[in-house]
Amino acid sequence: MTESAEVEHRPRPDLDNSTETALWEYLHVLLLRRWLITAIFLAVTVQAVVRTNLMRPAFSATAQLLIERQAPSVIAFKEVSEVNAGWWGEEYFETQYKILQSRALARRVIEDMNLLDDPEFGGPRKPQ
């Protein structure tokens, strides 16, 4: 073996642990190849962004609900309106909001409208 080959394989004198030496060597390789790593990262990121923007959305929807507070005007008795005042309180509306956001309601809508068989909503698709 030549003397120059021996020098290349010697561990660095300032590092006494072989694990630290390996880590410094890995870091050195990464720094040497930083432009290649950056180019590959950018290429993959650009491809992902382009592909995501060109994909047809599976589903998107918006909805707006208006829930107005109205006291029932069926009977004008004082006792009935006092009982109904508690019924139309904050707890009632919070419960209604949670019902509208529930998965059980969404499942019932999907089943009632038979959306599981519709290809637009993830149902069986034609082989193309």
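Side-chain atoms are counted along with the backbone in the values below, which use heavy atoms only and exclude waters and symmetry mates. All of these numbers come straight from a predicted model, not from anything done at the bench.
Taking CG from Asp118 and CG from Leu115, the interatomic distance works out to 6.5 Å, rounded to the nearest 0.5 Å. In this structure, CD in Gln96 is found 11.5 Å from CD in Gln101, a value given to the nearest 0.5 Å. A distance of 15.0 Å separates CG in Leu31 from OH in Tyr26, rounded to the nearest 0.5 Å.
Both Val46 and Leu54 are members of a single hydrophobic cluster when ILVMFWY side chains are connected at heavy-atom separations under 4.5 Å.
Side-chain N or O atoms of Arg107 include none that pairs as donor or acceptor with a backbone N or O of Ala104 at under 3.5 Å.
When the options Ile37, Leu36, Thr38 are evaluated for a side-chain contact (heavy atoms from CB on, under 4.5 Å) with Ile40, the one that passes is Leu36.
Leu105 approaches Ile99 most closely through the heavy-atom pair CD2-O, 3.5 Å.
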As a quick check of understanding, evaluate side chain to side chain contact (heavy atoms under 4.5 Å, CB included) for Val109 and Asp112, giving each step before the final call.
CA-CA 5 Å; Val109 169; Asp112 289 349; 5.9 Å; no
